[in-house]
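See below for the structure under consideration.
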Amino acid sequence: MKYFRITQETDSKVIGRYPQVKELKIPFHEARASQWGKISQWKTEDDVPELNQFALHYNSRLSDLVSNNFVIVSSGLFISEKCHQILEPFTINGNFHPMTIFRKGTPHPYSFLWYEYGAKSKIDFKKSTFIEYNDIIEKTGEIIPIDDSEDYKVKFRKLYDEKDEKGEVGWDLTPTVLKIKEYFDMTPAFGIGLICNENVKNAIEENKLTGFIFERLDIEIVFADK
């Protein structure tokens with residue numbers, strides 16, 4: 001199975017102005033917008049901010065995946081109801097919340113798809129493979145065994161400090177094989193971003209959903225059995 005990284009369309013010819021959703025129709029505090037800065041701590045519906053007061057920039061167009069100032073793709077998506085319905089049959093690692101986007105005063109029903117950043121709780125770090133990698137000179141280094149996300153932080157910092165002392169830049173600790181404990185058709189993936197398989201990509205493209213950019217992964221993704 002082929003896998004792809006999902007990013008947002010930024011071409012002004014397609015979406016108008018970027019980001020498309022710029023502001024709220026009600027005051028920041030009334031919308032509990034500070035909760036966007038605590039997205040990793042959301043546990044219940046009470047943690048979710050007001051989702052029905054988003055305003056599209058005057059010069060932006062609506063698309064099925066809408067860029068915004070509130071959340072990055074690695075933590076969630078603003079998607080149309082059409083997109084939500086198309087994704088519904090797939091196994092998605094995330095939760096859908098109804099929301100509303102206003103374009104020139106007219107409300108449009110959308111959904112917020114929220115997921116755990118990097119799906120860290122779903123990653124089998126010990127069965128994944130991480131290597132030293134320099135994205136400036138495209139050089140790979142040693143394979144580094146990783147126990148868990150905390151161990152990753154320690155070893156990443158050690159690598160960064162060692163290279164910094166030598167005056168070398170561009171180094172990262174990146175996965176070449178990522179083992180995920182459960183099966184998903186679409187999921188965030190540690191060190192990569194939001195990914196999907198070719199079935200999801202084909203469904204999005206065949207239904208002519210807009211706002212999505214797909215990049216073929218050269219990283220091996222291994223899921224638990226479906």
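Just so it is clear, the structure is predicted and the values come from calculations on it, not from any experiment. The residues of the chain are indexed from 1 along the displayed sequence.
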Checklist line | Under the ring pair (Phe, Tyr, Trp, His ring centres under 6.0 Å) test, residues paired with His84 that sit two or more places apart | finding: Phe96

Output a table of donor-acceptor pairs, distance under 3.5 Å, between side-chain atoms of residues 64-76 and any protein atom two or more places apart or on a different chain; print 'none' if there are none.
unit_1	atom_1	unit_2	atom_2	d
Asp64	OD1	Ser80	OG	2.6
Asp64	OD2	Thr210	N	2.9
Asp64	OD2	Thr210	OG1	3.3
Ser67	OG	Gln20	N	3.0
Ser67	OG	Gln20	OE1	2.8
Asn68	OD1	Phe70	N	2.7
Asn68	OD1	Val71	N	2.9
Asn69	ND2	Lys22	O	3.4

Next item on the list: Tell me, please, which residues at least two apart from Phe78 pass ring pair (Phe, Tyr, Trp, His ring centres under 6.0 Å).
Entry: Phe54, Phe112

Next item on the list: Name all residues meeting the side chain to side chain contact (heavy atoms under 4.5 Å, CB included) criterion together with Thr140; count only those two or more places apart in sequence or in a different chain, and write none if there are none.
Entry: Ile131, Tyr133

Checklist line | Smallest separation among heavy atoms of Ala203 and Ile86, with atom names | finding: CB-CG2, 4.0 Å

Checklist line | Donor-acceptor contact below 3.5 Å, side chain Thr187 vs main chain Asn93 | finding: no

Item checked: Residue pairs fulfilling side-chain hydrogen bond (donor to acceptor under 3.5 Å, both in side chains) with at least one residue in residues 114-126, sequence neighbours excluded -> Glu116-Ser121, Lys122-Glu182

Next item on the list: Tell me, please, which residues at least two apart from Glu23 pass side chain to side chain contact (heavy atoms under 4.5 Å, CB included).
Entry: Ala55

Next item on the list: Check whether any side-chain N or O of Asn197 sits under 3.5 Å from a backbone N or O of Val200 as a donor-acceptor pair, and report yes or no.
Entry: yes

Notebook entry, point to check: How long is the gap from CD1 on Ile195 to NZ on Lys201, to the nearest 0.5 Å?
Noted result: 14.5 Å

Check: Is there a donor-acceptor contact under 3.5 Å from the side chain of Asp172 to the main chain of Glu132?
Finding: no

Notebook entry, point to check: Of all heavy-atom pairs between Ala31 and Pro49, which one has the smallest distance, and what is that distance?
Noted result: O-CB, 3.5 Å

Item checked: Any pair counted as ring pair (Phe, Tyr, Trp, His ring centres under 6.0 Å), so long as it reaches residues 161-181, sequence neighbours left out -> none

Margin query: Quick check on the 6.0 Å ring-centre criterion: do Phe184 and Phe90 meet it?
Written below: no

Notebook entry, point to check: Quick check: does any side chain N or O of Glu142 sit under 3.5 Å from a backbone N or O of Ile144, one acting as donor and the other as acceptor?
Noted result: no

Checklist line | Leu62 with Phe102, same ILVMFWY side-chain cluster at under 4.5 Å | finding: no

Item checked: Those residues that, when tested against Glu215, pass side chain to side chain donor-acceptor pair (under 3.5 Å) (two or more places apart) -> Arg5

Next item on the list: Using the salt bridge (charged side-chain N to carboxylate O under 4.0 Å, His left out) rule, collect all pairs that involve residues 149-161, keeping only residues at least two apart or in two chains.
Entry: Glu150-Lys153, Asp151-Lys155, Arg157-Asp161, Lys158-Glu162

Notebook entry, point to check: Is Tyr18 reachable from Val21 through a run of I, L, V, M, F, W or Y residues, each pair having side-chain heavy atoms under 4.5 Å apart?
Noted result: no

Checklist line | Spacing of Asn199 atom CG and Tyr3 atom OH [to the nearest 0.5 Å] | finding: 8.5 Å

Next item on the list: State whether the side chain of Arg103 and the backbone N or O of Tyr58 hold a donor-acceptor pair below 3.5 Å, judged by distance alone.
Entry: no

Margin query: Which residues pass the side chain to side chain donor-acceptor pair (under 3.5 Å) test with Asn207, not counting sequence neighbours?
Written below: none

Check: Taking all non-hydrogen atoms of both residues, which atom of Phe125 and which atom of Asp147 are closest, and how far apart?
Finding: CB-O, 3.6 Å

Next item on the list: Name all pairs fulfilling the side-chain hydrogen bond (donor to acceptor under 3.5 Å, both in side chains) condition that reach into residues 28-47, sequence neighbours left out, sorted by first residue then second.
Entry: Glu45-His97

Margin query: Checking Thr100 now: which residues fulfil side chain to side chain donor-acceptor pair (under 3.5 Å) with it, not counting sequence neighbours?
Written below: Asn52

Next item on the list: Drop me the distance from Ile101's CD1 to Tyr110's OH, to the nearest 0.5 angstrom.
Entry: 5.5 Å

